[in-house]
2 protein chains.
Amino acid sequence: MRVSLKDVAEYAGVSIKTVSNVVNKYPHITPSTREKVQRAIDTLGYRPNLTARHLRKGRTGIIALAVPELGNPYFAELAGAVIDAAAAHDYTVLLDHTQGSRERELLVTQGFQAQVIDGLILNPLELETEDLAARTDSAPLVLIGERRYDLPHDHVAIDNIAAARAAVRHLLDLGRRRIAFLGARGDRPSQPSHLRLLGWQAELAARGVKADDGLVAPVDGWERADGAAAMAALLDAGERPDAVFAYNDLIAIGAMRVMSERGLRVPEDIAVVGFDDLTEGRYGAVTLTTVAPDKQAIARMAVESITGRLAGKDAGDGAATRQLQAGFTLVERESTRGRRPPG
Amino acid sequence: MRVSLKDVAEYAGVSIKTVSNVVNKYPHITPSTREKVQRAIDTLGYRPNLTARHLRKGRTGIIALAVPELGNPYFAELAGAVIDAAAAHDYTVLLDHTQGSRERELLVTQGFQAQVIDGLILNPLELETEDLAARTDSAPLVLIGERRYDLPHDHVAIDNIAAARAAVRHLLDLGRRRIAFLGARGDRPSQPSHLRLLGWQAELAARGVKADDGLVAPVDGWERADGAAAMAALLDAGERPDAVFAYNDLIAIGAMRVMSERGLRVPEDIAVVGFDDLTEGRYGAVTLTTVAPDKQAIARMAVESITGRLAGKDAGDGAATRQLQAGFTLVERESTRGRRPPG
DNA sequence: ACCCTTGTTTCCAACGTTATACAAGACGGA
DNA sequence: TCCGTCTTGTATAACGTTGGAAACAAGGGT
């Protein structure tokens with residue numbers, strides 16, 4: 001049977017509250033009492049019941065993280081970073097994945113494990129503004145990822161337009177001019193909702209290169225298979241780009257597989273830049289040039305947004321919502337630079 | 001402010017317990033009362049407070065899952081499967097990673113978020129039998145992964161020896177004879193603790209092929225970089241295997257990168273078999289032949305071991321501990337079969 | 001000798017829920 | 001009519017914790 005404060009109190013011959021005070025490091029306790037209680041705690045092996053504590057205090061010490069898909073290494077790596085960042089604040093992470101379905105995203109925002117979590121970090125894909133506006137749960141919510149909503153919730157992301165421009169600039173600097181964009185939304189390929197697509201357009205425009213609509217390839221999802229399908233479709237349509245900027249590394253990797261199958265060399269025939277800096281991209285036959293978002297910073301900012309709001313709640317401080325920006329770097333590898341000869 | 005049973009009770013003009021009865025679908029309630037209460041619940045937007053419920057019932061509905069590293073896609077994919085399996089039983093998953101450190105594994109078993117979790121699924125790497133034996137927390141624990149402990153906890157795994165033998169058999173059937181094993185434990189490379197290494201030995205012995213110690217390459221970890229280092233060390237030592245069986249896909253991928261850098265062709269010069277069936281292995285320049293453990297089955301069995309023990313606890317049923325075995329298949333791809341010519 | 005302060009401990013109530021015991025009414029059989 | 005049984009609802013007491021107020025002791029100033 002579980003040992004409670006009551007058991008310890010009886011054993012030590014003091015009141016329950018005194019034991020509680022010792023456990024919570026209340027300052028005004030005589031050393032002798034403290035020692036007596038501590039000994040009782042140790043002998044009985046007392047461990048506080050967090051459920052009861054949380055019922056009393058109204059906090060659980062648990063943050064939920066909802067990402068689209070753990071099978072995508074970017075989200076897996078991000079989840080790892082969030083777990084570490086949360087641990088630094090004595091929080092534990094409850095994880096869920098939405099599989100990119102609007103319905104599941106909605107479910108999560110509406111009150112996933114209501115009452116059990118102190119806050120929610122969500123990376124939405126399909127969610128619409130009105131879905132979020134209808135949210136009733138009062139736990140702090142922080143959004144991460146590319147999509148932006150005009151709503152009173154903190155948002156953590158990198159500057160996607162600047163990052164995309166840096167990627168495209170790199171390709172332009174290498175002399176490439178027919179730069180395809182792989183990963184437009186399938187349902188509205190021409191009217192972009194992507195910041196990354198906007199960045200592609202902006203950089204091309206700034207350099208006076210025509211943005212050819214035929215070089216924008218839509219995808220049905222964000223996996224390797226979708227990248228492969230998009231690349232195949234592009235080539236089948238007779239397009240012959242000399243570079244590809246992919247929405248993310250998985251799409252780039254799928255695309256590179258198709259190039260390899262069709263005898264196209266990377267980077268000689270087609271240079272490739274991805275996005276996310278997956279470890280996977282460092283070990284292919286051709287290593288992948290990519291935009292590397294600072295995942296640790298994203299995780300840290302998201303966690304601290306939650307903890308900050310929780311602290312602010314106590315203080316009655318209705319802090320304004322913020323757009324938090326994490327850094328990124330462009331990592332140049334073989335898919336744009338070529339491989340150095342062996343030896 | 002949060003609405004509680006009390007508020008609903010006042011609004012509906014009944015007692016708190018009656019509302020509770022309605023919420024919990026207690027059968028003996030007159031339709032009129034039920035409807036009245038239900039209307040009150042709907043108008044006030046009542047949502048049960050799980051913390052309080054769990055304090056009362058002694059169950060939280062949360063299962064913890066501790067894996068070594070989320071950055072390893074195998075564990076990420078497995079975590080996804082566990083989340084789904086748990087959801088099927090109305091459980092939520094709290095996730096932690098141990099980073100393969102014995103200390104963190106110990107911490108997790110000792111009482112990670114004590115009292116908040118109903119059960120723990122742990123994939124140990126470094127933990128020793130005595131660590132687990134010293135565990136005091138009473139929540140059910142189920143172990144997954146290759147390592148076996150002689151302890152009263154359920155264990156879920158595939159038949160690693162049989163799986164390894166199937167992989168080696170495949171290579172032997174292709175006519176390979178100098179089959180390296182990549183991924184022995186660095187601290188004791190010759191005295192194997194690996195079931196997979198045992199399987200390699202067993203199959204070679206069964207076919208009368210000498211198991212050359214020089215072909216067993218130790219690793220410091222289980223990542224791509226470790227596979228690359230091990231392969232480089234093997235080649236630098238002057239060994240020239242005609243096939244490689246890697247402890248897992250990441251090691252295989254790291255090794256293949258080194259082969260590619262040194263101008264060795266896969267599978268013509270060296271055939272490669274991995275283990276885990278990561279999606280990543282399907283999209284390299286050379287797709288990877290691999291042993292595919294049934295992750296869904298592993299996740300399901302682990303979750304059901306926990307839920308079963310929780311149910312048994314109520315019944316006072318001290319069920320015997322079990323060794324649960326999930327299935328596997330050998331997936332043949334280009335790294336052993338070669339690529340079909342384009343077109 | 002008395003009051004006030006300061007430090008230490010105890011008592012009580014509450015967090016929101018469910019289990020247990022019980023009360024009130026309805027119903028059927030003798 | 002009376003009693004036992006069944007149905008439906010209520011009152012009360014937990015679950016283990018903490019916050020606040022009250023109680024108690026000891027010491028210092030008047």
Side-chain angles (χ1 to χ4, degrees), chain A residues 1-38 40-41 44-62 111 113-118 137-139 313-314, chain B residues 1-38 40-41 44-62 111 113-118 138 313-314:
Chain A
M1 195 42 212
R2 200 70 222 175
V3 16
S4 75
L5 281 184
K6 191 175 154 199
D7 305 318
V8 177
E10 277 171 14
Y11 186 92
V14 297
S15 82
I16 291 179
K17 189 63 211 296
T18 302
V19 182
S20 170
N21 284 338
V22 171
V23 171
N24 292 289
K25 308 200 198 307
Y26 177 75
H28 303 300
I29 310 172
T30 46
S32 73
T33 312
R34 182 196 309 280
E35 195 188 341
K36 186 172 58 183
V37 170
Q38 190 57 54
I41 288 176
L44 295 181
Y46 168 77
R47 301 280 291 286
N49 181 323
L50 298 186
T51 307
R53 174 177 292 173
H54 295 147
L55 171 59
R56 185 60 235 250
K57 300 187 114 171
R59 295 279 167 78
T60 63
I62 297 178
Q113 279 289 319
Q115 314 274 22
V116 169
I117 62 164
D118 288 346
D137 196 331
S138 65
K313 226 179 201 175
D314 294 337
Chain B
M1 193 44 210
R2 199 71 221 174
V3 18
S4 76
L5 281 184
K6 192 175 154 198
D7 305 318
V8 178
E10 277 171 15
Y11 186 91
V14 298
S15 83
I16 292 178
K17 188 63 214 296
T18 302
V19 181
S20 170
N21 285 338
V22 170
V23 171
N24 293 289
K25 307 199 199 309
Y26 177 74
H28 304 300
I29 310 172
T30 47
S32 73
T33 312
R34 183 194 310 279
E35 195 188 340
K36 185 172 57 182
V37 171
Q38 189 58 52
I41 288 175
L44 296 181
Y46 167 76
R47 301 280 292 283
N49 180 324
L50 298 187
T51 307
R53 174 177 292 174
H54 296 147
L55 170 60
R56 187 60 240 246
K57 299 186 108 167
R59 295 279 167 79
T60 63
I62 298 178
Q113 279 290 320
Q115 314 275 21
V116 169
I117 62 163
D118 288 346
S138 65
K313 227 180 199 174
D314 293 336

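Numbered from 1 within each chain, the chains take letters A, B, ... in sequence-line order.
- Among the nucleotides C:dA19, D:dT17, C:dT17, the one closest to any side-chain atom of B:Lys57 is C:dA19.
- Closest approach of B:Gly61 and B:Asp118 over heavy atoms only: N-OD2, 2.8 Å.
- Pairing each heavy atom of A:Ala40 with each of A:Tyr11, the nearest pair is CB-CD2, 3.5 Å.
- The shortest distance between the side-chain N/O atoms of A:Ser4 and the OP1/OP2 oxygens of D:dG16 is not below 4.0 Å.
- For B:His28 and C:dA19, the NE2 to C1' distance is 15 Å, given to the nearest whole Å.
- The nearest pair of heavy atoms linking A:Pro27 to A:Arg34 is O-NH2, 3.8 Å.
- Rounded to an integer number of Å, the gap from CD of B:Glu10 to P of C:dG16 is 12 Å.
- Paired with B:Val3 under the rule side-chain contact (heavy atoms from CB on, under 4.5 Å), one option of B:Ile41, B:Asn49, B:Val8 passes, and it is B:Val8.
- Taking atom CD1 of A:Ile16 as the reference point, atom C1' of C:dA13 lies 13 Å away to the nearest angstrom.
- At the heavy-atom level, B:Leu5 lies under 4.0 Å from base atoms of the strands shown.
- Taking only side-chain nitrogens and oxygens, B:Asn24 comes nearer than 4.0 Å to OP1 or OP2 of C:dT18.
- Side-chain atoms of A:Lys17 and base atoms of D:dG19 include a donor and an acceptor less than 3.5 Å apart.
- Counting distance only, with no hydrogens placed and no angle test, the side-chain atoms of B:Arg56 and the base atoms of C:dT18 include a donor-acceptor pair under 3.5 Å.
- Distances shown here put every side-chain N or O of A:Thr30 at or beyond 4.0 Å from the OP1 or OP2 atom of C:dG7.
- OP1 or OP2 of D:dT18 has at least one side-chain nitrogen or oxygen of A:Ser20 nearer than 4.0 Å.
- Of the side-chain N and O atoms in A:Arg53, one or more sit less than 4.0 angstrom from OP1 or OP2 of D:dT18.
- Side-chain proximity of B:Ile29 to C:dT8, C:dT17, D:dG9: nearest is D:dG9.
- The side chain of B:Tyr46 approaches C:dT17 more closely than any other nucleotide in the set C:dT18, D:dT10, C:dT17.
- The two residues B:Thr51 and A:Leu55 make their nearest non-hydrogen contact at CG2-N, 3.6 Å.
- With the nearest nucleotide of DNA chain D identified for both B:Val14 and A:Lys6, B:Val14 has the one nearer the 5' end.
- Rounded to an integer number of Å, the gap from CG of A:Asn21 to P of C:dC12 is 17 Å.
- The distance between atom CG of B:Asn49 and atom P of D:dC15, rounded to the nearest whole Å, is 18 Å.
- Neither OP1 nor OP2 of D:dA11 sits under 4.0 Å from any side-chain N or O of B:Ser15.
- Of the candidates D:dT10, D:dG16, C:dT10, D:dG16 carries the atom nearest the A:Leu55 side chain, counting heavy atoms from C-beta on.
- The two atoms that bring A:Gln38 and A:Val22 nearest to each other are OE1-CG1, 4.0 Å, heavy atoms only.
- Within the structure, every side-chain polar atom (N or O) of B:Tyr26 is placed at least 4.0 Å from both OP1 and OP2 of D:dT10.
- Regarding A:Arg34, its CZ atom lies at a distance of 15 Å from the P atom of C:dG7, rounded to whole Å.
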